[in-house]
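See below for the structure under consideration.
Note: hydrogens, waters and symmetry copies are ignored here, and every other heavy atom, side chains too, is used. Residue numbers run from 1 in the order of the sequence given.
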Amino acid sequence: QVQLQESGPGLVKPSQTLSLTCTVSGGSITTNPYYWAWIRQAPGKGLEWMGSIDYSGTTYYSPSLKSRTSISRDTSKNQFTLQLNPVTPEDTGVYYCTEWEPAAVYWGQGTQVTVSS
């Protein structure tokens with residue numbers, strides 16, 4: 001079964017770049033027609049889709065975050081990465097990496113990110 005694990009800093013200063021990596025095991029990030037997404041949840045708010053990368057490496061971004069977000073992948077490591085720049089305290093929350101298959105969605109456990117000086 002597919003497993004996803006987020007990694008990255010738990011604390012980032014305002015105006016800096018947040019970089020998170022998702023390591024996927026039990027499946028390949030080049031599997032057609034799957035895609036992989038970053039989703040976050042700010043305190044007291046709902047889930048927010050940030051962006052996705054599909055099996056071919058094509059990326060899709062939330063219009064509200066597009067100017068600050070970049071998603072890339074390393075197929076040799078079976079990883080995909082989120083970069084958010086610059087961050088503000090409003091970017092504080094739990095960040096999840098996910099895999100979307102035609103019949104299932106898999107989630108990482110989530111990682112807490114706090115933006116604070």
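Using modelled atom types and a 3.5 Å distance limit, the side chains of Ser19 and Thr17 yield no donor-acceptor pair.
Nearest heavy-atom pair across Asp54 and Ser56 is OD1-OG, 2.7 Å. Between Trp36 and Ser28, the shortest heavy-atom distance links the atoms CZ2-O, 3.4 Å.
Side-chain atoms of Arg68 come within 3.5 Å of backbone atoms of Pro86 as a donor-acceptor pair (strictly under, hydrogens ignored). No donor-acceptor distance shorter than 3.5 angstrom exists from the side chain of Asn78 to the backbone of Thr23, with no hydrogens or angles considered. Between the Glu6 side chain and the Gly110 main chain, a donor and an acceptor come within less than 3.5 Å of each other. Side-chain atoms of Thr114 never come within 3.5 Å of backbone atoms of Thr92 as a donor-acceptor pair (strictly under, hydrogens ignored). Side chain of Thr81 to main chain of Ser72: no donor-acceptor pair is present (N/O by atom type, distance under 3.5 Å, no hydrogens or angles). Judged by distance alone, the side chain of Asp74 and the main-chain N or O of Gln79 form no donor-acceptor pair under 3.5 Å.
Here the CD atom belonging to Glu99 is positioned 7.0 Å from the OG1 atom belonging to Thr31, to the nearest 0.5 angstrom.
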Report task. Go through Leu84 and Asp91 one step at a time and tell me if the side chain to side chain contact (heavy atoms under 4.5 Å, CB included) criterion holds. Result -> CA-CA 9 Å; Leu84 184 65; Asp91 293 313; 3.7 Å; yes

Query raised in the report: Run the side chain to side chain contact (heavy atoms under 4.5 Å, CB included) check on Cys22 and Tyr96 step by step: do they pass?
Result: CA-CA 9 Å; Cys22 182; Tyr96 300 92; over 6 Å; no

**Report entry** Intermediate values then yes/no, side chain to side chain contact (heavy atoms under 4.5 Å, CB included), Thr75 and Ile29
**Finding:** CA-CA 7 Å; Thr75 57; Ile29 62 171; 4.3 Å; yes

Requested in this report: Take Arg40 and Val113 through the test side chain to side chain contact (heavy atoms under 4.5 Å, CB included) and record every step on the way to the result.
Outcome: CA-CA 10 Å; Arg40 69 179 182 179; Val113 174; over 6 Å; no

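Under the 4.5 Å side-chain heavy-atom criterion for ILVMFWY residues, a single connected hydrophobic cluster contains both Trp49 and Tyr35. Linking ILVMFWY side-chain heavy atoms closer than 4.5 Å, directly or via other members, places Tyr60 and Leu47 in a single hydrophobic cluster.
In the displayed structure, Trp107 atom CH2 is contacted under 6.0 Å by more than 12 heavy atoms of other residues, nucleotides or ligands. By the 6.0 Å contact criterion, CD on Gln3 is open, its count of non-hydrogen atoms from other residues, nucleotides or ligands being 12 or less.
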